[in-house]
Amino acid sequence: MAITKEEIKHIAELARLDLSAEEQEKFGAQLDLILGYVKQLDEVNTKGVEITSQVSGLVDVWREDEARDWPRDEVERALSQGDLEGGQVKVKKVL
């Protein structure tokens, strides 16, 4: 499976890489090897194999949101570390 020079240039352009002719040859050969390994997957018989999105068995654990009151002194200490304006925490503009 030979990847063409045009395909290498196109991929480099998509990745915003400015490759020299030497780098195009080097990375093109490496990409060709990688695609060869991926092509081997076509030979694997997957008939009867169930589609799997993840294999670890982990699931998301959700809990209900629960509002808890803070002790007044902790609230004051937390708010004292920032700037307040009209009872609201003032933050810097982010652009």
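In this text the structure is predicted, and so the values were computed from the model without any measurement.
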Show me the donor-acceptor pairs, under 3.5 Å and distance only, between side chains in residues 88-95 and residues at least two apart or in other chains.
from: Lys90; atom 1: NZ; to: Glu85; atom 2: OE1; distance (Å): 3.3

Identify, with sequence neighbours excluded, every residue that meets salt bridge (charged side-chain N to carboxylate O under 4.0 Å, His left out) alongside [X].
{"X": "Asp42", "value": "Lys39"}
{"X": "Glu76", "value": "Arg72"}
{"X": "Glu25", "value": "Lys5"}

**Item:** Path from Leu79 to Trp70 over hydrophobic side-chain contacts below 4.5 Å
**Value:** yes

**Message:** Quick check on the hydrophobic clustering: are Val75 and Leu84 connected, directly or via other members, by side-chain heavy-atom contacts under 4.5 Å?
**Reply:** yes

**Asked** Are more than 12 heavy atoms from other residues, nucleotides or ligands located less than 6.0 Å from atom CG of Asp73?
**Response** yes

**Asked** Does atom CD of Glu22 have more than 12 heavy-atom neighbours, drawn from other residues, nucleotides or ligands, at distances under 6.0 Å?
**Response** no

Throw together a table of side-chain donor-acceptor distances under 3.5 angstrom for residues 45-52, partners on residues two or more places apart or in other chains.
from: Asn45; atom 1: OD1; to: Lys47; atom 2: N; distance (Å): 3.0
from: Thr52; atom 1: OG1; to: Glu50; atom 2: O; distance (Å): 3.2

**Message:** Checking Glu7 now: which residues fulfil side-chain hydrogen bond (donor to acceptor under 3.5 Å, both in side chains) with it, not counting sequence neighbours?
**Reply:** Thr4

**Asked** Can you tell me how far the CD atom of Gln30 sits from the CD1 atom of Ile3, to the nearest 0.5 Å?
**Response**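 If we round to the nearest 0.5 Å, Gln30:CD and Ile3:CD1 are 12.0 Å apart.
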
Only counting residues at least two apart or in another chain, list the ones meeting side chain to side chain contact (heavy atoms under 4.5 Å, CB included) with [X].
{"X": "Asp69", "answer": "none"}
{"X": "Leu19", "answer": "Ala12, Leu17, Glu23, Gln24, Phe27"}
{"X": "Glu43", "answer": "none"}
{"X": "Arg63", "answer": "Asp65"}

